[in-house]
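Only a predicted model underlies this, so the values are computations on that prediction, with no experimental measurement involved.
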Amino acid sequence: MGVFRGVFALLSSTLSVLFLVGAVSTNGAAYPSQTPQPLHRLISGSRASSMQNTSFSTPPGYWEVASDGGIFTFGDAGFYGSMGGHPLNAPVVGMASTPDGRGYWEVASDGGIFTFGDAGFYGSAGGMPISGRVVGMASTPDGKGYWLVTNTGDVFAFGDAVFGGSMGTHILNKPVVSIVSTPDGRGYWLIASDGGIFTFGDAGFYGSMGGHPLNQPVVGGFETGSGYGYYEVASDGGIFTFGDAGFYGSMGGHRLNQPVVGGSQVGAVPYSQLPGPGLSSNRTVAAFYYPWWGTPPTVVTWEHWNQNNHNPAVGDIASNFYPLGGPYSQAIQATVDSQMALMNQAGINELISSWWGQGSIEDQRLSLVVPSARAHGIDVAILIDGYAGRTISSITSDIAYLRAKWGITDFFFWDPTEYSASAWQSLTSTLSGVRLFATGDPGQMMTGQFEQWARSAGFQGIFTYDVYDEQPSDFAPTCYEAHLYGLMCSPSVGPGFIDQRANNDTRYRSRQNGANYDAMWQGALASNADFITITSFNEWHEGTQIEPAQAMCIPTYCYHDYNGAYGLTGTAASYAYINRTAFWSKMYMNGI
């Protein structure tokens, strides 16, 4: 039997517990965490792997498995048998528990699988011609399948485990040491000994130690209960946290009798019961819409196209892109109707119309926008922007006015922290039958600071809007924090950002011929979002629009265009982002 090497528990009362496996300090002390953390559920799957021993946890107990297949039980972990004392063709390198903790698998380095308790056998790589050696396994959420991974990054799926890709055809800087599945079983991470992270399926990338100097190699890792973050564990006991993973301390820097070989997080909140309303079967894709564009003679003077002293009459507009067909007027019903048809084509089922107060141009345009949107099966929400004289009192009047006139019940707010949470409460505590959404600082959204404020202010949800600073990997931790505070979460995806001609803004985020838009969508789909917003349908000033554009040059400037997006040119490129939105919307609506 393998030698029991000990376990150090880093405790936070009865909340989360982090286990380091395979190391003993000289004094046997326990190290309490300083800050209580949200509960995380235990995800069935490989938590650590090595050629010597590994462990898997089940609250409030855990197992260790030795390289000869011996099983050690602790707490309420049951013993269901082992390979200890049996001849093995290759050493055991890992284990995984069934969802109810009443069984487990052992996996050997040749891919052989051994089942115990209620663990089912769904196949193995034993006897298969595999490159390298198996180093770990992860089970699916229902326990009816599992993945095996080799040190070369090959992945083998058995039972209901879905193959999502592998690193088998790639040259690796360092060998893969672990595989970790996402909570829904639709993706997984591979972890290399240099801390490199490789993502597949709906597994999000939240950072890694790849490229950073390490005192000792990474030997394993495990995900947080939400799946919006993960830990990497080094052989000296160092812990590296990413995404929503909390740091409770580590054995890094302490004297160890034997190296650490892995770790596991323990918790008791099932993924399906995490706070927050979760996804509904009727999913919403909403786009921020700007009804403020106008051209003579339908209006008295140019509206917005002439911002920052530009002259649209000679093709000089306040945008770094040029609309297909040129500047348009949303004072014309046919223009609005054609935009609604494009939204419908793109799979957008809600528009969020920018609104600047009662009697404003944007308010007047609702008489064209609302009937047309609804005729195309598109719901209408309102973005109450920071108009001059906006106060809590005026917002109270605005909501009543928009509800009575147009039956609007969803309201989004720009710069809501202009007012205190208590000031908002004086409004929100009096409302029913409406939903209010707030946006704020991206960094504060990821840490929960903004969500805490929004909850205390009485909002029902948050949205990110920003597509310059927000990264795809930001969405998962942001939505996790939102759900912890019982708020809905809407990450905002967008193709890029450039606001140089309209506002002399020097910031720039390239569209990368569509790659940036795809990455934003992938991050949103992996975030457990309650609905997705698009920044934007037609905010031409900031270059975030998906509305069709064309190539155009004037004597003083050549506008950006969509040529090259997704390999398209000409008219096909003009519609590239409408059609790509349709692709991603369909993926989201179908629950991908």
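- Open room surrounds CG on Asn215; 12 or fewer heavy atoms of other groups in view lie less than 6.0 Å from it.
- Both cation-pi conditions hold for Arg511 and Tyr577: the charged atom is under 6.0 angstrom from the six-membered ring centre and inside a 45 degree cone around its axis.
- Of all the heavy atoms in Ala421 and Ser456, the pair that sits closest is CB-OG, 3.4 Å.
- Under a cutoff of 6.0 Å and an axis angle of 45°, Arg509 and Phe497 do not form a cation-pi pair.
- For the residue pair Asp100/Thr98, the side-chain donor-acceptor check at 3.5 Å is satisfied.
- Taking a cutoff of 4.0 Å between a charged side-chain nitrogen and a carboxylate oxygen, Arg133 and Asp110 do not qualify as a salt bridge.
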Identify every side-chain donor-acceptor pair in residues 205-212 under 3.5 Å, counting partners at least two apart or on other chains, and give the distances.
unit_1 : atom_1 : unit_2 : atom_2 : d
Ser208 : OG     : Gly210 : N      : 3.1

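- When ring centroids are compared, Phe583 and Tyr566 stay outside the 6.0 Å threshold.
- Exactly one residue among Ile197, Val177, Thr241, Val219 makes a side chain to side chain contact (heavy atoms under 4.5 Å, CB included) with Glu232. That residue is Ile197.
- The aromatic rings of Trp584 and Trp521 sit parallel, their planes meeting at an angle under 30°, below the 60° perpendicular limit.
- For Asp474, the side chain to side chain donor-acceptor pair (under 3.5 Å) test picks out no residue, with sequence neighbours left out.
- The backbone N or O of Tyr146 lies less than 3.5 Å from no partner atom in the side chain of Ser139, so there is not a single donor-acceptor pair.
- Between the side chain of Trp105 and the backbone N or O of Gly120, at least one donor-acceptor pair lies under 3.5 Å.
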Residues 444-453, side-chain donor-acceptor partners within the protein, below 3.5 Å, at least two apart:
unit_1 : atom_1 : unit_2 : atom_2 : d
Thr447 : OG1    : Gln444 : O      : 3.2
Thr447 : OG1    : Gln449 : N      : 3.4

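- Donor-acceptor pairing under 3.5 Å is recorded for the side chains of Tyr517 and Thr581.
- Phe198 is not listed as a side-chain neighbour of Trp189, based on a closest heavy-atom distance of 4.5 Å or more.
- Looking at Thr533, its side chain does come within 3.5 Å of a backbone N or O of Pro491 through a donor-acceptor pair.
- Side chain of Ser527 to main chain of Cys479: no donor-acceptor pair is present (N/O by atom type, distance under 3.5 Å, no hydrogens or angles).
- A donor-acceptor pair under 3.5 Å is absent between the side-chain atoms of Thr152 and the main chain of Gly132, judged by distance alone.
- Pairing each heavy atom of Val149 with each of Leu190, the nearest pair is CG2-CD2, 3.7 Å.
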